[in-house]
Amino acid sequence: MADREWVLHVDLDQFIAAVEVARRPELRGMPVVVGGTGDPTERAVVATASYEAREFGIQSGMPLRTAAKRCPDAIFLATDAPAYQEVSDRVMATLREFPVVVEVLGWDEAFLGATTDDPEALAADIRRVVAEETGLSCSVGIGDNKLRAKLATGFAKPAGIFRLVQDNWWDVMAGKPTDALWGIGAKTTKKLAEAGYHTVLELAGADPADLAARFGPKLGPWYRILAGGIGDAEVSATPYVARSRSRETTFQQNLTDPGAMTAEIVALAKRVSQDVAEEGRPAARVAVKVRFAPFLTHTHSVTLPAPTADPAEIEKAALAVLDLFDLGRPVRLLGVRAEFPSTAARSASP
């Protein structure tokens, strides 16, 4: 078999929980939940959970209190971002030892561009070396583009290897619900179902004009392209660049005073402005996230007149966005996000 180009997606299994267990071997095999300060009586959400904890229905983004109810015996730990970054850096350095192009996606995942006649053998070598040098387990998806490689990893987990390419795309994906596709979430899935598109195959056969009418001239036809497994195959070693900077606060007691909410947004905007200044790039959009009690989250954003790092302009925009919300309900979380120009450009297209 001749060498050919492949895209591999490497995803570290239960990464944050795995880092914590590596630091505390006595927790191996136990239900571990990481989030907030590690106190499940406080308001915070699950950053990640070990596979043992997931068996109780605990998922990322779930309130810690809910997680504690589902598994009272779970071990709750505080998040430690510097530790996760240090381990992630070691993993990525390990991946760069292979004859591949490494495109880092975050702490726990990366695309690899490889030329080989045996991608499964390469994937097995990657899994072995990552385990030997970092003690962590990873899953590897093999594809002929990024979309298929990313989806393949889901079938590989945990600690496995799976190939998803044009030849087996329909065998694997045809009957899957549309939210099995990377880029289609729960809300879009519901709208697609209402339009009569329940499976990947049905979406792939949809009329592009109908999709454009329902979801917009760009997003609609793009959903059909996704359903066909078509995607970008170029892997770039360009260093990861943050698309945004954000800060948020979860309140242990709900806020009900609009004045207090305004003060919190001002404080968050100042912190975000400092982050933007450290990033050395201007912000193009400002978004505000409000989580109402008990757990209903809404986000609004505004495009700035011109990209800027001026704290006064970022604060002014954040307050203007806050005015878009109906603040007549108790608020449990507020957040401010500054998006950089490249992010704003991407958000305008699929």
Side-chain angles (χ1 to χ4, degrees), residues 8-95 97-98 104-110 112 120-142 149-164 180 250 295:
L8 276 60
H9 178 251
V10 177
D11 196 340
L12 295 165
D13 299 322
Q14 55 175 4
F15 172 63
I16 294 176
V19 173
E20 295 294 352
V21 170
R23 296 200 292 181
R24 303 172 177 84
E26 69 275 12
L27 299 181
R28 191 172 305 279
M30 302 178 68
V32 174
V33 179
V34 183
T37 64
D39 183 351
T41 66
E42 294 184 356
R43 283 184 169 175
V45 298
V46 175
T48 195
S50 66
Y51 289 129
E52 293 80 5
R54 295 178 195 184
E55 292 179 0
F56 291 86
I58 298 174
Q59 302 174 347
S60 298
M62 172 183 292
L64 290 183
R65 291 177 180 176
T66 302
K69 290 179 181 178
R70 294 193 176 186
C71 184
D73 295 329
I75 307 299
F76 287 86
L77 302 174
T79 55
D80 186 351
Y84 310 145
Q85 184 65 61
E86 189 274 331
V87 175
S88 175
D89 289 343
R90 285 198 286 126
V91 171
M92 300 307 163
T94 299
L95 295 179
E97 295 174 359
F98 288 87
V104 179
L105 298 181
W107 278 340
D108 60 348
E109 60 178 329
L112 309 184
E120 277 79 11
L122 174 59
D125 285 343
I126 288 170
R127 291 199 64 256
R128 175 180 55 80
V129 174
V130 168
E132 290 174 351
E133 297 195 10
T134 70
L136 298 179
S137 169
C138 66
S139 299
V140 182
I142 299 169
K150 172 79 171 180
L151 295 179
T153 313
F155 295 104
K157 282 187 168 291
I161 299 168
F162 191 87
R163 183 192 293 203
L164 183 60
T250 298
F295 208 79

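Numbering of residues begins at 1 and proceeds along the displayed sequence. Heavy-atom basis, side chains included; hydrogens, waters and symmetry copies ignored. None of the values given here were measured: they were computed from a predicted structure.
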Practice problem: Using the test side chain to side chain donor-acceptor pair (under 3.5 Å), find all partners of Arg23 that sit at least two apart in sequence or belong to another chain. | Solution: Glu20, Asp80

Self-check item: Test item: Ser50 side-chain N/O and Gln14 main-chain N/O as donor-acceptor pair under 3.5 Å
Solution: no

Quiz item: Once you round to the nearest 0.5 Å, how far does CE of Met92 lie from CZ of Arg90?
Solution: 12.0 Å

Donor-acceptor contacts, no H, no angles, side chain residues 153-160, under 3.5 Å, sequence neighbours left out:
from   : atom 1 : to     : atom 2 : distance (Å)
Thr153 : OG1    : His9   : O      : 3.4
Thr153 : OG1    : His9   : ND1    : 2.7
Thr153 : OG1    : Gly141 : N      : 3.4
Thr153 : OG1    : Ala149 : O      : 3.0
Lys157 : NZ     : Asp13  : OD1    : 2.8

Self-check item: Nearest non-hydrogen partners of Ser137 and Arg127, listed with the distance
Solution: OG-NH2, 3.6 Å

Quiz item: Can you list the residues that meet the side chain to side chain donor-acceptor pair (under 3.5 Å) rule with Thr134, with sequence neighbours excluded?
Solution: none

Quiz item: What's the spacing between Leu122 CG and Ile142 CD1 if we round to 0.5 Å?
Solution: 8.0 Å

Identify all side-chain donor-acceptor contacts of residues 64-78 below 3.5 Å with residues at least two apart in sequence or on another chain.
from  : atom 1 : to    : atom 2 : distance (Å)
Arg65 : NE     : Thr41 : O      : 2.9
Arg65 : NH2    : Thr41 : O      : 2.7
Arg70 : NH1    : Gly57 : O      : 2.6

Exercise. Spell out, as yes or no, whether a donor-acceptor pair under 3.5 Å connects the side chain of Thr79 to the backbone of Gly35.
Key: no

Quiz prompt | Atom of Ala17, atom of Ala49 and distance for their closest heavy-atom approach | solution = CB-C, 4.1 Å

Practice problem: State which residues pass salt bridge (Lys or Arg N to Asp or Glu O under 4.0 Å) with Asp125; sequence neighbours excluded, sorted by chain then number. | Solution: Arg128

Quiz item: Looking only at heavy atoms, which two atoms of Val45 and Phe295 are closest? And how far apart?
Solution: CG1-CZ, 3.8 Å

Practice problem: Using the test salt bridge (Lys or Arg N to Asp or Glu O under 4.0 Å), find all partners of Glu120 that sit at least two apart in sequence or belong to another chain. | Solution: Arg163

Quiz item: Can you name the closest pair of heavy atoms from Ala180 and Leu151 and give their distance?
Solution: O-CD2, 3.2 Å

Quiz item: What's the verdict on side-chain contact (heavy atoms from CB on, under 4.5 Å) for Val33 and Glu52, showing C-alpha distance, side-chain angles and the deciding distance?
Solution: CA-CA 10 Å; Val33 179; Glu52 293 80 5; over 6 Å; no

Quiz item: Do you know the tightest heavy-atom contact between Tyr84 and Phe15?
Solution: O-CZ, 3.4 Å

Self-check item: Where Gln59 and Val46 come nearest, the two heavy atoms and their spacing
Solution: O-CB, 3.5 Å

Quiz item: Hey, what do you get for CG (Leu112) to CZ (Phe98), rounding to the nearest 0.5 Å?
Solution: 9.0 Å

Exercise. Give the intermediate values and the outcome of side-chain contact (heavy atoms from CB on, under 4.5 Å) for residues Leu12 and Val130.
Key: CA-CA 9 Å; Leu12 295 165; Val130 168; 4.2 Å; yes

